[in-house]
Protein chains: 2
Amino acid sequence: MVKGLDEKSEALPDHVGWRLWQANRAWQGEFAAAMRAAGHAWFSDARAGLIGHIARAGTRQVALIERMAISKQAVQQLLDGLEAEGVVERLPDPDDGRGKLVRYTPKGLAALRDGDRIKREIEQRWIGCIGQARFAALMDALRALDAGLHPET
Amino acid sequence: MVKGLDEKSEALPDHVGWRLWQANRAWQGEFAAAMRAAGHAWFSDARAGLIGHIARAGTRQVALIERMAISKQAVQQLLDGLEAEGVVERLPDPDDGRGKLVRYTPKGLAALRDGDRIKREIEQRWIGCIGQARFAALMDALRALDAGLHPET
DNA sequence: CCATATAGTCAAGCATCTTGACCATCTCGC
DNA sequence: GCGAGATGGTCAAGATGCTTGACTATATGG
């Protein structure tokens with residue numbers, strides 16, 4: 001309360017929600033910037049979330065809808081975009097005439113490899129920032145939180 | 001690897017970025033739902049971020065722009081919305097003919113009070129979920145991360 | 001007093017997500 | 001079998017939140 005805050009400022013917010021938002025934003029910003037720098041200009045935050053859930057062997061569209069917490073139409077529009085960019089392709093599901101399988105194209109697989117590398121690089125940078133122990137504690141707490149808030153399965 | 005994953009699934013993503021995204025989404029979802037349930041129907045995630053940075057005594061618009069990491073036009077549109085809802089008001093800055101001061105209306109202050117209460121409630125729920133120690137470790141790691149990634153000031 | 005920087009506004013457009021309506025296919029009870 | 005309802009996917013329209021570009025008004029410094 002004594003330091004450099006001018007008379008019009010109060011303390012900046014400092015609660016879990018704010019910190020989580022900050023950290024999430026930092027991650028997404030670094031990741032997307034690195035992906036675009038690596039030549040994947042089509043990359044965006046929203047697409048990143050979806051891509052993380054497509055298995056190498058192909059994933060049914062409805063499975064993606066269940067895992068993301070957004071409407072099926074939103075997933076479809078994201079997939080439309082990724083298909084137009086040539087990152088994924090949609091094939092009929094041999095086991096279900098209604099379903100479609102979403103699968104990476106070679107271009108998508110290349111992006112996936114770069115993504116893995118970038119992910120590790122950012123993690124290393126963060127570990128360098130806050131130390132191995134704190135980073136482990138962070139992951140532990142976040143995993144526990146997820147398990148605690150979504151007790152299904 | 002043995003359990004219920006069918007042959008088309010691989011492991012779900014489990015890295016900091018994903019976990020952060022999940023936790024952030026959970027927080028925003030719970031907070032916004034509680035705020036709307038408390039009668040603040042105008043509440044949204046984007047507005048929440050902005051509101052957290054408006055001091056009780058009023059804050060200059062340009063200061064908000066600096067603290068949020070978005071364009072000044074985006075801030076302005078958010079403020080337009082909040083002003084139309086009667087949550088904040090804009091007054092000329094007595095010290096600078098160009099500037100404007102953003103200040104809460106009584107309606108905005110009421111929302112702020114409810115927000116504080118809801119914030120504490122969610123925190124308590126989360127602490128109940130993962131334990132006091134893990135929660136403290138989470139906050140510690142997130143603060144350290146912010147300090148490490150934005151070393152200014 | 002003019003040049004430049006700063007604070008804010010207006011306008012147009014893009015990306016993401018939503019709801020509602022719809023069609024095709026599968027599954028289950030009879 | 002077969003019809004009813006559930007499920008997987010698509011089309012269309014619209015809201016929100018953000019962007020860039022162009023502009024006005026005020027402040028500041030040589």
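Proteins come first, then strands; the chains are lettered A, B, ... in the order of their sequence lines, and each starts at number 1.
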Any salt bridge linking [X] with [Y]? Criterion: basic side-chain nitrogen under 4.0 Å from a carboxylate oxygen.
{"X": "B/Arg60", "Y": "B/Asp96", "value": "yes"}
{"X": "B/Asp146", "Y": "B/Arg143", "value": "no"}
{"X": "A/Arg56", "Y": "A/Asp116", "value": "yes"}
{"X": "A/Glu121", "Y": "A/Arg125", "value": "no"}

- Please check if the distance between the ring centroids of B/Trp21 and A/Trp27 is under 6.0 Å.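 So the answer is no for these two rings.
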- Would you say D/dC18 has OP1 or OP2 under 4.0 Å from some side-chain N or O of B/Ser71?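 Checking D/dC18 against B/Ser71, no side-chain N or O comes under 4.0 Å of OP1 or OP2.
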- Task: May I ask you to evaluate whether B/Arg90 reaches the phosphate of C/dT9, defined as a side-chain N or O under 4.0 Å from OP1 or OP2?
- Result: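 Answer is yes, contact under 4.0 Å.
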Do [X] and [N] share a donor-acceptor pair, side chain to base, under 3.5 Å?
{"X": "A/Gln76", "N": "D/dC11", "result": "no"}
{"X": "B/Gln73", "N": "D/dG21", "result": "yes"}
{"X": "B/Lys100", "N": "C/dG8", "result": "no"}

- Which part of the nucleic acid does A/Gln61 contact within heavy-atom distance under 4.0 Å: base, sugar-phosphate only, or nothing?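 Answer is sugar-phosphate: A/Gln61 comes under 4.0 Å of backbone atoms only.
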- Message: Over all strands shown, is A/Leu78 touching base, sugar-phosphate only, or nothing at heavy-atom distances under 4.0 angstrom?
- Response: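 A/Leu78: backbone/sugar contact only, no base atoms under 4.0 Å.
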Nearest whole Å is fine: how far is [N] [atom2] from [X] [atom1]?
{"X": "A/Ile70", "N": "D/dT16", "atom1": "CD1", "atom2": "C1'", "answer": "15 Å"}
{"X": "B/Met68", "N": "D/dC18", "atom1": "CE", "atom2": "C1'", "answer": "11 Å"}
{"X": "A/Ile65", "N": "C/dT19", "atom1": "CD1", "atom2": "P", "answer": "14 Å"}
{"X": "A/Asp80", "N": "C/dT18", "atom1": "CG", "atom2": "C1'", "answer": "16 Å"}
{"X": "B/Leu50", "N": "D/dG17", "atom1": "CG", "atom2": "P", "answer": "11 Å"}
{"X": "A/Asp95", "N": "C/dA24", "atom1": "CG", "atom2": "C1'", "answer": "17 Å"}
{"X": "A/Leu91", "N": "D/dG9", "atom1": "CG", "atom2": "P", "answer": "12 Å"}
{"X": "A/Asp96", "N": "C/dA24", "atom1": "CG", "atom2": "C1'", "answer": "11 Å"}

- Closest heavy-atom contact between B/Ala137 and A/Ala137?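 Looking at all heavy atoms of both residues, the closest pair is CB-CB, 4.0 Å.
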- Side-chain donor-acceptor pair under 3.5 Å between A/Gln28 and A/Arg25, yes or no?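 No donor-acceptor contact under 3.5 Å links the two side chains.
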- Task: Could you identify which residues of residues 26-47 of chain B place a heavy atom less than 4.0 Å from some atom of DNA chain D, listed by residue number, or say none?
- Result: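 Those residues whose heavy atoms fall under 4.0 Å from DNA chain D, taken from residues 26-47 of chain B in numerical order, are B/Ser44, B/Ala46.
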- With the side chain of A/Gln77 defined as its heavy atoms from C-beta on, choose the nearest nucleotide among D/dT10, C/dC17, D/dT7.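 Between D/dT10, C/dC17, D/dT7, the one nearest the side chain of A/Gln77 would be C/dC17.
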- Message: Can you tell me which nucleotide in D/dT10, D/dT19, C/dG8 comes closest to the side chain of B/Val62?
- Response: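 Looking only at heavy atoms from C-beta outward on B/Val62, the closest nucleotide is C/dG8.
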- Query: Do you know which of B/Arg90, B/Lys107, B/Arg103 makes salt bridge (charged side-chain N to carboxylate O under 4.0 Å, His left out) with B/Glu83?
  - Reply: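 Considering B/Arg90, B/Lys107, B/Arg103, a salt bridge (charged side-chain N to carboxylate O under 4.0 Å, His left out) with B/Glu83 is found only for B/Arg90.
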- Query: B/Lys72 or A/Lys72: which one's nearest nucleotide on DNA chain C is closer to the 5' end?
  - Reply: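 Closest to the 5' end, via its nearest nucleotide, is B/Lys72.
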